[in-house]
Structures are given as structure tokens and as C-alpha cells.
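Lettering follows sequence order; numbering is per chain, from 1.
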Amino acid sequence: MIFVRRTLSIAKREFQSYFNSPIAYIVIGVFLLLSGWFFFTPLFLAGRSTLRGFFSFTPVLFIMFIPAITMRLLAEEVKTGTLEWLTSMPLRDLEVVLGKFLAALGFIAVALAITIPYPISVDMIGALDWGPVIGGYLGLLLLAGAFLAVGLFASSLTENQIVAFIIGVTFCFTLYMVDKVLFFLPEQLGAIFQYLSVDYHFRNIARGVIDTRDIIFYFGLMIVALFLTMESLKRRHA
Amino acid sequence: MPKLMVEARDLYKSFGETQAVDGVSFSVPIGQVVGFLGPNGAGKTSTLRMFAGYLEPTKGQAIIDGVAVSDDPLLAREKIGYLPENCPLYDDMMVVDFLRFVAEVRMIPPSQQDARLRLVCDRCGILSVLGKDIGQLSKGYRQRVGLAQAIVGDPDLLLLDEPTSGLDPNQILEIRALIKELGKEKTIILSTHILPEVQASCDRVIIISDGKLVADDTPDALMTKGTASRVSMLFGPMDSATVDVHRIREILADIPETRSVSSRPGEGDGTLGFSVDVGGDGDARSALFQTVVQHGLPLLEMHREQVSLEETFRKLTQGD
């Protein structure tokens, strides 16, 4: 109970502080602009009532946008010294890390919620198959969660936000691309790399097929990245 | 024996090759205000950080109110309010939001938060800036917010790392008064390299240098202890045929308490001034007076010079 309250206190503070700075509005604005572009272009060119364009390009956008959201979460606190203050508060590292993660996830959830008029408007034009749409949104949230955890880890490695951003983009890009370089790999190795790809699992879910293996993959990735973040924090005050 | 609030048991902290804290032990009873003094880089901040739970000691234990920080970090942190060096705060937050956040993390029930925050803000004199962003505050107000966040949870122990650095003289006086006020009910350890600060607000001084504890006493005792005290004397005009400067020196140097005698400027008109360094714990002035009277020297003035804390500090921290 205390654990939950403290975690939520951290999450609330971080979430509010997103909207205290213009960066949040810029990130959401540009995200809507680009995702809208990818939503409308295939819709009108192909003339089909589908959100496939939106769902296949949003993960690519996330590679850039999510590290931009997570880069300041820990790096800034180290740089300004507030992390020292925060660690002197009666808080566990896990409460701090989880709170920040949830705040960023909430921010992404807001950005995604603003895109819900897309499927609704498509549904008004022609009958929409809602299965893949619901799967798509669920998949995007899971994918975002995995990227956010990785981005948070990147932010724990440095006190420079730009460096944290670049490291985060590199991690996310790698996790996205691993299954796209399969053609020159031996077959057994290929299967492993395919399993490690965030996009492979996303495509499964976005088809509307919710498989526990895909969900376990995302949660596993989040847990590993958050665990590494905590280890990295611990090293700061060893 | 009074109950101990803080205990450092043989603390060591090294960063790679550098030995930042090198075997420091001390204890602080409840209610004491302790000045933690040392030149920059002496290990003050590292020691405080080990109590605050930000750094883990390489060896030894930091104990707060009977709880070892390494054994139960959360319980230990509930007992302390910490103001780190340079007062890092969330600049983008409003003062009131920030303090409410602190109250939430400190598990103050929502129904009591308002009352608690009002009390704290009133004591720290920040009621007028509650709606401002912390980043817009003057340094003085910022420091007050820093002190306010430290006492929101009503901890028994305050750790303040250079609470007055970077403030102007008026702000320094205000913060000192506030610390003095807080010291009436809390145990405080404040680090500083500014000596008057210690004289102004502390019951006790701990001096560390190169990671080692070099002195631990009251400010008054430190001012006299450890250094020879000095008596300055002024003699009236004398018949230079019988008594000259060298003769007076010899007379003064013959007194057992005297360590050394040096001339200093008189007041003109043939007056002669001397500084006599005397050893021992007692007051050497009566011995000096007796001797001077025996030799019939016209003593005009004699007083003991206060050895400043600065001098003691320099002596202790430069290993001379």
C-alpha cells in the first residue's frame, strides 16, 4: 500500500512536470502530425478502410519519440543534483524507477488517445474491422512500454540528455531492426533474432491475435530494462 | 549518558584511488547543533552523504538514532531531513506543489497535509512565494524552500550541507537565525567552510581535514585550545641607559610560562610594545605582572589576545 502510494506520488509529479514544459506539447504535436500523415495517405490513395498505415509506421515514430520522452527522466535529475536529494527521501529505487516509467507510459497513453478519432472516422466512412485496431492499440502500448523502459535505462547511463537520447534511439532502433537483417544469418540464429525483435511481436498483436508469448516478450523486456536501470542507479551511490 | 542521534563508526569512503573519508568516528547526542568544518574537499559532503544514504561507506557504519543506514535505509531516511549542497530542487515546480509532493512521499495523511505545510511555510517564511516556480526564486528564498522541504516530515535530524553558501550577508543572517530556531528542537549537523557560521550557530565543532577528524570541541574551547595564547604588553618610556629592548625581552623570556617574545610597535613617545606567546592551560598574566613589577618596569597595558577560530582552523587543517 505504501509502495503503491509512493510510486504513484512519483508518477504524478513526473507526469505533471511533462506538461510544465513546452517539450511535451511539441512532442505530441509532431507525433500527431506525422502519424496523421501516415494515417491519411494510404487511406485516400488506396481507398481502403484500414489503419494498416498508421499501425505500421507508428512503431518507427516511437523509435525517435520515446527516447525524447524518457531522456530527461534520470539524466536531468543527476545533472541538477535532485537525484541526490531524492535518494535521501524514504523511497526505494524501485518506487522511483517505476513511478517515472508509469508517468512516461501515461504520457504516451495520452498521445495515443488523441489518435482515437482516426479509427472512428474510418469506421464512419466504411465498415472497420475493430479486432486489428484494438490489437494495434494494445500492441502500441506494449511496444511503447518496452521502448520507454529501454529509454529510461539509457537516461540512467549519463547526465547528458542528448547523449541519453542518442543511446535510447540506438537501443530502440536495434530492437526494431533485428528481424530485418535476417537474410544473411543462419536459420537457427535467425529464429532467435526474430524473437528479439519488438516489431515482430507487434505485427503479431496488430493482426488482432493476442498471444501470451508476445505479451510475455514485452513484459520481459520491460522488466529487464527496468532492472538494469535500478542497477545503474545503484552504481551511482556505491 | 544522553541518547545518541548520530553515530559515525570508523567511516571510510574511497573513490578509486582517492580516500575521501579516512576513518572518521564521532557521535552526536540528541538536540545538539554540530558544525562540520573543513576546507573544500576535506570529506564533509561525502560524510554527510553516507548519513543521507546517497553514498555507501566503503567501510564502517553510519548510524542514525540506533538504525544503521546500510541495514534499514528507508527507516533511517524517515528520520532525516537532508539539504544537499547547492540546494538542488525541481526548478519547474511550484513551491506549493513541490512541498506537497514531499509531504506525500513522507506519508503525511492527506487530511493533515494542509496544516503541516502551512506550519512549515510559516516557520520558513515562504508563505508569500508558494505560487511561484522554484526556478524563479531568489537564492535566499530557494534556500528557505530547501530548509522547508527538510522539515516537512518533522524528522529528528537535519543534515544541511553548506546551507548558506552563495547567499548575500542579509540572507546569511536570516538563514542562520532560522537554523538556530530549528536547532531548539532538532539535532542538526551542518557543514560549512565559513567559520563565523560555526561560532554563530553551533554547540560543537567537528573539524575534518583530508578525510580525517582533527578536532572535536565547542567553538569557544577550540579558540583557545591547541594554540598558545598570546599576551600583548605595552611599557611606558624608560631610561634607555639602564633598560633597553633586549633587557626587557630577557626579563620576559625568563618567566617559565613564556615560549617566545617578540617586539611590536608601541604607541610612539618612547613606548615599547611586546607580544608574549605563553604556553600552558592557566592564565600567565599574573606571573607576567609579578615579574614586571619586580623589575620596576612601567607597565601601561596588558591584555590577552583572542586567538581566532580561523587561526586554529588553519593550524589544524594545514598540519603545521
For this session: Output yes when a side-chain donor or acceptor of Glu14(A) lies under 3.5 Å from a complementary backbone atom of Ala11(A), and no otherwise.
Result: no

Exercise. Between the main-chain N or O of Tyr195(A) and the side-chain N or O of His201(A), is there a donor-acceptor pair closer than 3.5 Å?
Worked result: yes

Exercise. Side chain, backbone, both or neither: which part of Glu77(A) has an atom under 4.5 Å from a heavy atom of chain B?
Worked result: side chain

Problem set entry | Distance in Å, Asp154(B) CG paired with Arg106(B) CZ, rounded so as to fall on 0.5 Å steps | 10.0 Å

Problem set entry | Option in Leu91(A), Leu8(A), Thr80(A), Asn20(A) with maximal non-hydrogen atom pairs under 4.5 Å from chain B | Leu91(A)

Exercise. So what's closer than 4.5 Å to chain B heavy atoms on Leu86(A): side chain, backbone, both or neither?
Worked result: side chain

Exercise. Quick one: what part of Leu89(B) sits under 4.5 Å from any heavy atom of chain A, side chain, backbone, both or neither?
Worked result: backbone

For this session: Go through the atoms of Arg49(B) and report whether side chain, backbone, both or neither lie under 4.5 Å from a heavy atom of chain A.
Result: side chain

Problem set entry | Structural part of Ser9(A) lying under 4.5 Å from a heavy atom of chain B | both

Exercise. So which part of Val102(B) gets closer than 4.5 Å to some heavy atom of chain A, the side chain, the backbone, both or neither?
Worked result: both

Exercise. Without hydrogens or angle criteria, can the side chains of Thr187(B) and Gln32(B) be said to hold a donor-acceptor pair below 3.5 Å?
Worked result: no

Problem set entry | Among Glu78(B), Gln149(B), Met107(B), residue most engaged with chain A (heavy-atom pairs, under 4.5 Å) | Met107(B)

Exercise. What's the spacing between Ile23(A) CD1 and Gln161(A) CD if we round to 0.5 Å?
Worked result: 6.5 Å

Exercise. If only atom types and distance count, is the side chain of Ser232(A) paired as donor or acceptor with the main-chain N or O of Leu228(A) below 3.5 Å?
Worked result: no

For this session: Could you tell me whether Asp114(B) and Arg118(B) have a side-chain N and a carboxylate O separated by less than 4.0 Å?
Result: no

Exercise. For the candidates Tyr90(B), Phe51(B), Tyr82(B), which exhibits the highest count of non-hydrogen atom pairs separated by less than 4.5 Å from chain A?
Worked result: Tyr90(B)

